[in-house]
Undergrad: 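One structure, pasted below without further comment.
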Amino acid sequence: MMNRNGMVTHMQTRIRTDPFSSNYTLVGKELGRGKFAVVKKCVDKSTGKEYAAKFLRKRRKGEDCRMDIINEIAILEMAKFSPHVVDLREVYETNSELILVLEYAAGGEIFNQCLADHGDAFTEKDVIRLIRQILNGVAYLHRNNVVHLDLKPQNILLTNSNPLGDIRIVDFGLSRRVDAVKEIREILGTPEYVAPEILNYEPISTATDMWSIGVLTYVMLTGESPFLGDNKQETFLNISQMNIQYSQDVFEGITDLAIDFIKALLIKNPRKRAKAEQCLQHPWLASCPDIPDLLKEPDLSQSEHELDTPQDDDELVLMAS
Ligand SMILES: Cc1cnc(Nc2ccc(CC#N)cc2)nc1Nc1cc(C2CC2)[nH]n1
């Protein structure tokens, strides 16, 4: 089932109402915190296995937001066959919260290694391998007509940081189905990574995620955020005016193929931007072989997992930023 702004309203996971604390022990400090969610590491009491528990408040600013959380759960369910999307184990509900028990990625956010000093920063070879995994995960979502809409280094986790492990895409709190609605025109995402069409209230599409992957690649290779200004307005201006440099000093030691890859994504017109499947064929990614991911994941784009089409086709409500 879909509603009019591309949110999924139907899920299959059984929601448990027995106490989360009967089965899990919380350990250590918080892993992450958002406006209406907190993420904590936990351990399954019966197996000792580690998970991440995401506590999401159902009421936000006096509104019932339970359906927003159902949307996130349904998208995690749909993506369960992708090895690059964090796995959802089970869901609990209390009076005030829904609790998602998710796969634990011990390596944390790639954000931390993007900014690391030269010694611990990613090599170009690391970035090629990680970007290929991100593209495989995003290609899977796009084949299933889902856009993430908040791709950034804080939402790409590592199974292990040293030795460098594999990526897991997390946080589908802003994600939407793009096939079920004529146009999604909401201001979403994080300023440094939002695509120009978001700022101009133009239609959001899978190309919106591809722009974010272009920014992400730039940051992973250089440690610099290409459009970051002194404040949100300046950042938005840099994006809408395409104020981006590929200077020799910032890209010292980085191949021209890498720059060519980024330039295929940081294109203002979304229709001209490379798609995930095209990116996977780019010579920059072909420069170091890896196990073909498609061998690991069935493609469910045409299957019983297909979400229902929407009941009504009203125009989307234009959301204020
Ligand atoms: C070691 C660790 C360190 N830092 C974060 N940060 C983080 C980033 C984004 C979100 C946003 C979300 N969702 C939550 C936490 N997650 C970690 N492990 C996780 C985190 C998780 C699941 C995704 C929560 N599994 N393993």
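This one's a predicted model, so the numbers in the text were calculated from it and none came from an experiment. All ligand and atom numbering here is 1-based and tracks the order in the structure.
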Undergrad: Tell me, which protein residue and heavy-atom name are nearest atom 20 (C) of ligand 1, and how many Å apart are they?
TA: Leu157 CD1, 3.3 Å

Undergrad: Which residue holds the protein heavy atom closest to atom 4 (N) of ligand 1, what is that atom called, and what is the gap in Å?
TA: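 Looking only at protein heavy atoms, the one closest to atom 4 (N) of ligand 1 is Leu31 O, 3.5 Å.
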
Undergrad: Among all protein heavy atoms, pick out the one at the shortest distance from atom 13 (N) of ligand 1; state its residue, atom name and that distance to 0.1 Å.
TA: Lys54 NZ, 3.0 Å

Undergrad: Any side-chain donor paired with an acceptor under 3.5 Å for Thr123 and Asp126?
TA: yes

Undergrad: Residues two or more places apart in sequence or in another chain: which of them pass salt bridge (Lys or Arg N to Asp or Glu O under 4.0 Å) with Arg33?
TA: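 By the salt bridge (Lys or Arg N to Asp or Glu O under 4.0 Å) rule, Arg33 matches Glu30.
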
Undergrad: Please report which non-hydrogen protein atom sits nearest to atom 1 (C) of ligand 1, along with the residue it belongs to and the distance in Å to one decimal place.
TA: Ala105 O, 3.2 Å

Undergrad: Compute whether any side-chain donor of one residue and acceptor of the other, for Thr190 and Asp150, lie under 3.5 angstrom apart.
TA: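 Judged by distance alone, the side chains do pair up.
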
Undergrad: Just to confirm my output: which protein heavy-atom neighbour is closest to atom 2 (C) of ligand 1, and how far is it?
TA: Gly108 CA, 3.6 Å

Undergrad: Can you pull the salt bridge (Lys or Arg N to Asp or Glu O under 4.0 Å) pairs that have at least one residue in residues 35-45, sequence neighbours excluded?
TA: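 Found Lys41-Glu50, Asp44-Arg89.
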
Undergrad: Starting from atom 22 (C) of ligand 1, find the nearest protein heavy-atom neighbour and note its residue, name and distance.
TA: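 Checked against all protein heavy atoms, atom 22 (C) of ligand 1 sits closest to Ala52 CB, 3.7 Å.
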
Undergrad: Under a 4.0 Å heavy-atom limit, does Leu102 contact ligand 1 with its side chain, its backbone, both, or neither?
TA: side chain

Undergrad: Among all protein heavy atoms, pick the one closest to atom 9 (C) of ligand 1 and tell me residue, atom and distance.
TA: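 The answer is Gln154 O, 3.4 Å.
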
Undergrad: Would you mind listing which atoms of ligand 1 come within a distance below 4.0 Å of any non-hydrogen atom of Glu109?
TA: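 In order of number, 4 (N), 5 (C), 6 (N), 7 (C), 8 (C).
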
Undergrad: Sort out for me which residue in Ile131, Val127, Ile128 forms a side-chain contact (heavy atoms from CB on, under 4.5 Å) with Phe122.
TA: Val127

Undergrad: So does Arg66 pair up with Asp64, basic N to acidic O under 4.0 Å?
TA: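 Salt bridge absent between Arg66 and Asp64.
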
Undergrad: Val170 heavy atoms, cut-off 4.0 Å: which ligand 1 atoms fall inside?
TA: 9 (C), 23 (C)

Undergrad: Only heavy atoms of Glu103, strictly under 4.0 Å: list the atoms of ligand 1 that pass.
TA: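 Checking each atom against Glu103, I get 21 (C), 25 (N), 26 (N).
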
Undergrad: Looking only at protein heavy atoms, which one is nearest to atom 14 (C) of ligand 1, and how far off is it?
TA: Val39 CG2, 3.7 Å

Undergrad: Run the side chain to side chain contact (heavy atoms under 4.5 Å, CB included) test on Tyr246 and Ile254 for me, step by step, so that the C-alpha distance in whole Å, both residues' side-chain angles and the decisive distance to 0.1 Å come before the verdict.
TA: CA-CA 11 Å; Tyr246 299 91; Ile254 292 167; over 6 Å; no

Undergrad: What about Leu228 and Ile156, same hydrophobic cluster or not, with Ile/Leu/Val/Met/Phe/Trp/Tyr joined at side-chain heavy-atom distances under 4.5 Å?
TA: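 In one cluster with Leu228: Ile156, no.
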
